[in-house]
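In what follows, a single structure is set out as structure tokens and then discussed.
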Amino acid sequence: MVIGVLALQGAFREHMKCLENIGVQGKLIKSNEDLEGIDGIIFPGGESTAMGRILVDFNMKETISNKIKRGLPAWGTCAGMILLAKKINRTNKGHLEVMDIDVKRNAYGRQLGSFSTKEIIPLVSKDPIELVFIRAPYITKVGKNVEILCEIDGNIVAAKEENMLATSFHPELTEYEDFHRYFIEMIK
């Protein structure tokens, strides 16, 4: 199994390390050609506006969007969640526009609003796992086929829809690899 990690900007190295730690081959995705031969793709945390522009500039947006619509498993963390969303609050549009969620960017405020907490997410782990939020978004609305995996203080911070997974937080910045394992199980 080979998992692509979008490597245009953001925390792609950390995702690659997590994949290595659980014995899964990662592949850096920097062009449309790199998309060949992957079984899933991770969109890392970083700056969603910059990543969205680069996807357009590198002529990757439509290719990736179409692959996900045809079933390629995809997981977006933080900025990656924003990339997957059909709508970004206050804009009524998105980047890849593949997951039936609306997201609010920087929902927890600026860098000073960053925090971490531990939660049990039954579908992912029976033990509490650390959730790190850095200038994080959250989901404000879900479509009928979206399954909510986790809420913090009434805000949706993890969800799944068919072949797509989205998390507001950064599992790649913790010692917990439960979400990476969960994504691999989704693919299997």
>> So, taking the atom named CZ in Phe169 and the one named CZ in Phe133, what distance separates them when rounded to the nearest 0.5 Å?
In response: 6.0 Å
> Is it true that a side-chain atom of Glu130 and a backbone atom of Ser116 form a donor plus acceptor pair closer than 3.5 Å?
Replying inline: no
> Crowded around Lys86 NZ? As in, over 12 foreign heavy atoms under 6.0 Å?
Replying inline: yes
>> Please give me the minimum heavy-atom distance between Asp100 and Glu161, naming the atom from each residue.
In response: N-OE1, 2.8 Å
>> For residues Ile101 and Ile121: do they belong to one hydrophobic cluster (side chain heavy atoms under 4.5 Å, members Ile, Leu, Val, Met, Phe, Trp, Tyr)?
In response: no
> Going only through I, L, V, M, F, W and Y residues with side-chain contacts under 4.5 Å, is there a path from Val103 to Leu165?
Replying inline: no
> With sequence neighbours left out, what residues match Phe43 under ring pair (Phe, Tyr, Trp, His ring centres under 6.0 Å)?
Replying inline: none
> Under the side chain to side chain contact (heavy atoms under 4.5 Å, CB included) criterion, do Val98 and Lys69 qualify, and how do the steps go?
Replying inline: CA-CA 7 Å; Val98 291; Lys69 288 175 185 173; 4.0 Å; yes
>> On a heavy-atom basis, which atom in Ala136 and which in Ser168 lie closest, and how many Å separate them?
In response: CB-O, 3.6 Å
> Where the side chain of Thr77 meets the backbone of Thr167, is there a donor-acceptor pair that is under 3.5 Å apart?
Replying inline: no
> What distance separates Ile3 CD1 from Ile42 CD1, expressed to the nearest 0.5 Å?
Replying inline: 6.5 Å
> Rounded to the nearest 0.5 Å, what separation is found between the CD atom of Gln25 and the CE atom of Met1?
Replying inline: 11.0 Å
Show which side-chain atoms of residues 178-188 pair as donor or acceptor with protein atoms under 3.5 Å away, not counting sequence neighbours.
from, atom 1, to, atom 2, distance (Å)
Asp178, OD2, Ser125, OG, 3.4
His180, NE2, His15, ND1, 2.9

> Are Met164 and Met60 grouped together when hydrophobic residues (ILVMFWY) are joined by side-chain heavy atoms under 4.5 angstrom apart?
Replying inline: yes
> Which residues satisfy the side chain to side chain donor-acceptor pair (under 3.5 Å) test with Glu33, sequence neighbours excluded?
Replying inline: Ser31
> Is Asn163 reaching over with its side chain to a backbone N or O of Leu72, donor-acceptor style, under 3.5 angstrom?
Replying inline: yes
Show me the side-chain donor-acceptor pairs of residues 48-59 shorter than 3.5 Å, one per line, residues at least two apart or across chains.
from, atom 1, to, atom 2, distance (Å)
Ser48, OG, Arg105, NE, 3.4
Thr49, OG1, Glu47, OE2, 3.4
Thr49, OG1, Arg105, NH2, 3.3

> Which pairs count as salt bridge (Lys or Arg N to Asp or Glu O under 4.0 Å) when at least one residue sits in residues 3-29, sequence neighbours excluded?
Replying inline: Lys17-Glu20
> What heavy-atom pair brings Leu28 and Ala7 nearest, and what distance separates the two atoms?
Replying inline: CD2-CB, 3.8 Å
>> Restricting to side chain to side chain donor-acceptor pair (under 3.5 Å), what partner residues turn up for Glu177, sequence neighbours left out?
In response: Asn21
> So how far is it from Leu173 CG to Ile134 CD1, rounded to the nearest 0.5 Å?
Replying inline: 5.0 Å
>> List the residues meeting side chain to side chain donor-acceptor pair (under 3.5 Å) with His170, not counting sequence neighbours, and say none if there are none.
In response: Glu172
Let me have the donor-acceptor pairs involving side chains of residues 138-159, under 3.5 Å, with sequence neighbours excluded, atom names and distances please.
from, atom 1, to, atom 2, distance (Å)
Thr140, OG1, Asn89, OD1, 3.2
Thr140, OG1, Asn89, ND2, 3.4
Thr140, OG1, Asp102, O, 3.3

>> Just to verify, what does Leu35 make a side-chain contact (heavy atoms from CB on, under 4.5 Å) with, not counting sequence neighbours?
In response: Ile29, Asn32, Ile38, Ile41, Thr63, Ile64, Lys67
> Among all residues two or more places apart in sequence or in another chain, which pass the side chain to side chain donor-acceptor pair (under 3.5 Å) test with Lys118?
Replying inline: Tyr176
> Is there a side chain to side chain contact (heavy atoms under 4.5 Å, CB included) between Thr174 and Leu131 once you walk through the steps?
Replying inline: CA-CA 8 Å; Thr174 73; Leu131 311 179; over 6 Å; no
> Which heavy atom of Cys78 sits nearest a heavy atom of Gly45, and at what distance?
Replying inline: CB-CA, 4.1 Å
> Are Met81 and Trp75 connected, step by step, through hydrophobic side chains (Ile, Leu, Val, Met, Phe, Trp, Tyr) whose heavy atoms are closer than 4.5 Å?
Replying inline: no
>> Same cluster or not: Ile82 versus Val132, using hydrophobic residues (I, L, V, M, F, W, Y) connected whenever any side-chain heavy atoms lie under 4.5 Å apart?
In response: no
